[in-house]
Amino acid sequence: MRSCRLRPALGLALLLSAAPALCGTFTTGAATVSVNTTVSSNCTISATPIIFGSYDPIGANSASGIALTAPGTISLTCLKGGSPTIGLGQGNNFFSGKRHLKDADFLDYELYQPSAATPSAACTYSGIIWGTNGTYGTTFTPSATWSASSTFSFNVCGSVPLGQDPSVGTGYLDTVVATVNF
């Protein structure tokens with residue numbers, strides 16, 4: 001143990017100052033602080049609409065014409081090490097084994113997976129129907145180097161087949177739910 005004695009002159013100086021005198025025994029100790037967390041698999045998903053424009057069953061989209069096509073996109077941000085899959089629902093107007101746009105009548109349409117699993121791969125407007133395994137079509141497995149700071153976009157390839165005979169209408173539409181599983 002160490003003691004602290006003050007000399008009278010030093011004591012008077014310390015007494016007049018604002019700082020207290022430090023005397024006594026000091027010891028130190030240590031403790032361990034445990035630090036931990038978890039990072040759960042996670043992705044965010046967003047989509048842009050597929051806007052076909054005008055369907056012309058007498059001219060450009062007649063039986064001797066071409067299908068009406070347009071792309072949309074699904075964008076994902078997933079954590080490093082993720083392996084997401086994307087499913088597309090059947091849509092609100094699914095019947096007779098097909099997706100349909102609805103207004104005064106129905107127009108068949110389909111959504112296809114892009115030509116490759118890589119971001120921004122081109123549309124071929126045919127091939128693998130994009131859906132949900134076991135329900136309709138096939139789930140899409142995108143390929144990317146996933147990172148929480150990187151968003152990747154994948155084309156959704158929409159096609160309205162040629163040669164249909166719809167009624168006049170200005171609001172043919174459908175809603176399809178896109179789901180990411182990770």
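Below, all heavy atoms of this structure are taken into account, side chains as well, without hydrogens, waters or symmetry copies. For the single chain, residues carry numbers from 1 onward in sequence order.
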Got a second to check how far [X]'s [atom1] is from [Y]'s [atom2], nearest 0.5 Å?
X      : Y      : atom1 : atom2 : value
Asp56  : Asn61  : CG    : CG    : 6.0 Å
Ile86  : Phe154 : CD1   : CZ    : 6.0 Å
Leu173 : Asn93  : CG    : CG    : 7.5 Å
Lys80  : Ser149 : NZ    : OG    : 9.0 Å
Asn155 : Ser115 : CG    : OG    : 8.0 Å
Tyr109 : Asp174 : OH    : CG    : 3.5 Å

Taking the side chain as C-beta and beyond, is there a heavy-atom pair between [X] and [Y] under 4.5 Å?
X      : Y      : result
Thr145 : Ser150 : no
Pro71  : Tyr125 : yes
His100 : Phe95  : yes
Asp108 : Gln164 : yes
Trp130 : Val156 : yes
Pro142 : Pro84  : yes
Pro166 : Pro57  : yes
Pro114 : Phe140 : yes

query = Do NZ/NE/NH1/NH2 and the carboxylate oxygens of Arg99 and Glu110 come within less than 4.0 Å?
reply = yes
key: Nearest heavy-atom neighbours spanning Thr141 and Ala117   = O-CB, 3.4 Å
remark   = Leu162 and Gly65 have their tightest heavy-atom pair at CD2-O, 3.2 Å
ask   = Can we call the ring centroids of Tyr55 and Tyr172 under 6.0 Å apart?
value = no
key: Residues Thr151 and Thr77: side-chain donor-acceptor under 3.5 angstrom   = yes
In this structure, would [X] and [Y] fall into the same cluster of hydrophobic residues linked by side-chain contacts under 4.5 Å?
X      : Y      : value
Phe106 : Val160 : no
Ile45  : Phe152 : yes
Tyr112 : Phe94  : yes

query = Okay, side chain of Thr73, backbone of Ser75: is any donor-acceptor separation there less than 3.5 Å?
reply = no
message = Please check if the number of heavy atoms outside Asp165 that lie under 6.0 Å from its CG is greater than 12.
response = no
inquiry  = One pair to check against side-chain hydrogen bond (donor to acceptor under 3.5 Å, both in side chains): Thr132 and Thr139. What are the steps and the verdict?
reply    = CA-CA 5 Å; Thr132 305; Thr139 301; 5.1 Å; no
